[in-house]
Peer 1: 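One structure is given below, represented as structure tokens, and several questions about it will come after.
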Amino acid sequence: MASGCKIGPSILNSDLANLGAECLRMLDSGADYLHLDVMDGHPALQGDMHMMVSKPEQWVKPMAVAGANQYTFHLEATENPGALIKDIRENGMKSCSVTQAEVQWHSQGPLQVGLAIKPGTSVEYLAPWANQIDMALVMTVEPGFGGQKFMEDMMPKVHWLRTQFPSLDIEVDGGVGPDTVHKCAEAGANMIVSGSAIMRSEDPRSVINLLRNVCSEAAQKRSLDR
């Protein structure tokens, strides 16, 4: 069963010189999780690890040891998704705590598995793995940097996944904020990554609450329509 509506601020858009304080600020504002984009040569530490790297196989253990909760890799970046999913399940055990500034995380148990697809990848390529993962991530911008315009034409992918796999957690990432979250929620997304809209707001708590409320209302409507 999908885990309910969750909002994850993207730390890519934070003040990276004060990362610990920024993480704490987001958690204090009601964030459900932190979404960290990891690009080649720039490994980060904890949360929903979005691995935008060419060889995601090599980072499973380091990210688990660092305290990650979920390891999300791109379908396009590996030749054997099944083997990588199995590796994450079997070897991605977390057993440490990480302290940075005033933020401390305690992790235990296995990593969860997320599988991401870029805008140019057909959603049907993800289908064979959908029952083996915890979350599917549909990118709504081209991965790599923040501030891009939301791609509404990705919403049919979200809708297809929600229709075919009603219990799957479905995350959207890229250009999502108060003006676009309705489209994501109505299509079936229940995990919302939002960068600039939250991080640059003077009142991030209100933005997080708005995103969560829109997502929850859409989920309740789908439940009533069944």
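The figures that follow rest on heavy atoms only: side chains count, while hydrogens, waters and symmetry mates do not.
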Peer 1: Does some side-chain heavy atom of Val193 sit less than 4.5 Å from a side-chain heavy atom of Leu137?
Peer 2: no
Peer 1: Return the minimal non-hydrogen interatomic distance between Ser10 and Met199, and the atom names on each side.
Peer 2: O-CG, 3.6 Å
Peer 1: Do Lys157 side-chain atoms and Pro119 backbone N/O form a donor-acceptor pair below 3.5 Å?
Peer 2: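 Yes.
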Peer 1: What's the separation between atom CG in Asp153 and atom OG1 in Thr140, rounded to the nearest 0.5 Å?
Peer 2: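 Here the interatomic distance stands at 10.0 Å.
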Peer 1: Could you tell me whether a side-chain N or O of Gln148 sits under 3.5 Å from a main-chain N or O of Glu142, the two making a donor and an acceptor?
Peer 2: yes
Peer 1: Got Met49 and Trp59 here, is their nearest side-chain heavy-atom distance under 4.5 Å?
Peer 2: no
Peer 1: Heavy atoms only: give me the nearest Trp160-Ala127 pair and the separation to one decimal.
Peer 2: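 Result for this residue pair: CH2-CB, 3.7 Å.
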Peer 1: With distance as the sole test, does Ser201 use its side chain to make a donor-acceptor pair with the main-chain N or O of Ile198 at under 3.5 Å?
Peer 2: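 It does not hold such a pair.
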Peer 1: Tell me, do Cys5 and Ile192 make a side-chain contact under 4.5 Å, heavy atoms counted?
Peer 2: no
Peer 1: Contact between Met52 and Lys118 at the side-chain level, heavy atoms closer than 4.5 Å - yes or no?
Peer 2: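 Not in contact.
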Peer 1: Glu124 vs Gln164, test: side chain to side chain contact (heavy atoms under 4.5 Å, CB included). Steps then yes/no.
Peer 2: CA-CA 10 Å; Glu124 285 81 3; Gln164 299 296 316; over 6 Å; no
Peer 1: Rounded to the nearest 0.5 Å, what's the gap from CZ on Arg222 to OG1 on Thr163? Could you check?
Peer 2: 9.5 Å
Peer 1: Minimum heavy-atom separation for Ser194 and Gly177, please, with both atom names.
Peer 2: OG-CA, 4.2 Å
Peer 1: Between Asp32 and Arg212, is there a side-chain N and carboxylate O pair less than 4.0 Å apart?
Peer 2: yes
Peer 1: When rounded to the nearest 0.5 angstrom, what is the spacing between CG in Leu161 and CG in Asp169?
Peer 2: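 One finds 12.0 Å between CG of Leu161 and CG of Asp169.
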Peer 1: Taking side chain as C-beta onward, heavy atoms only, is Ile85 less than 4.5 Å from Phe73?
Peer 2: yes
Peer 1: Could you tell me the separation between the NE2 atom of His159 and the CE atom of Met155, rounded to the nearest 0.5 Å?
Peer 2: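 Taking NE2 in His159 and CE in Met155, the distance rounds to 12.0 Å.
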Peer 1: Just so I know, are the side chains of Arg162 and Asn190 near enough to count as touching, which here means a heavy-atom distance under 4.5 Å?
Peer 2: yes
Peer 1: Provide the closest heavy-atom pair for His74 versus Leu115 in the form atom of the first, atom of the second, distance.
Peer 2: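 Scanning both residues, the minimum pair turns out to be C-CD1, 4.4 Å.
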Peer 1: Going by the rule salt bridge (Lys or Arg N to Asp or Glu O under 4.0 Å), which residues pair with Asp225 if we only count those two or more places apart in sequence or in a different chain?
Peer 2: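 Salt bridge (Lys or Arg N to Asp or Glu O under 4.0 Å) check on Asp225 returns Lys221.
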Peer 1: Would you give the length of the straight line joining atom SG of Cys184 to atom CD1 of Ile170, rounded to the nearest 0.5 angstrom?
Peer 2: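 Taking SG in Cys184 and CD1 in Ile170, the distance rounds to 11.5 Å.
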Peer 1: Is it true that a side-chain atom of Glu76 and a backbone atom of Thr121 form a donor plus acceptor pair closer than 3.5 Å?
Peer 2: no
Peer 1: Please state whether the rings of Tyr33 and His35 are parallel, tilted or perpendicular, taking 30° and 60° as the class boundaries.
Peer 2: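 Rings of Tyr33 and His35: perpendicular, over 60°.
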Peer 1: Minimum heavy-atom separation for Leu168 and Ala136, please, with both atom names.
Peer 2: CD2-CB, 3.7 Å
Peer 1: Apply side chain to side chain donor-acceptor pair (under 3.5 Å) to Ser223 and list each qualifying residue two or more places apart in sequence or on a separate chain.
Peer 2: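 Ser223 satisfies side chain to side chain donor-acceptor pair (under 3.5 Å) with no other residue.
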Peer 1: In Å and rounded to the nearest 0.5 Å, what is the CD to CD distance from Glu57 to Glu79?
Peer 2: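 Answer for the CD-CD pair, Glu57 versus Glu79, is 8.5 Å.
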Peer 1: Determine the sole option in Val60, Leu84, Leu111, Val113 for which the side-chain contact (heavy atoms from CB on, under 4.5 Å) test with Arg89 is passed.
Peer 2: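 The side-chain contact (heavy atoms from CB on, under 4.5 Å) with Arg89 is passed solely by Val113 among Val60, Leu84, Leu111, Val113.
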Peer 1: Looking only at heavy atoms, which two atoms of Thr78 and Pro56 are closest? And how far apart?
Peer 2: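 Scanning both residues, the minimum pair turns out to be CB-CG, 4.4 Å.
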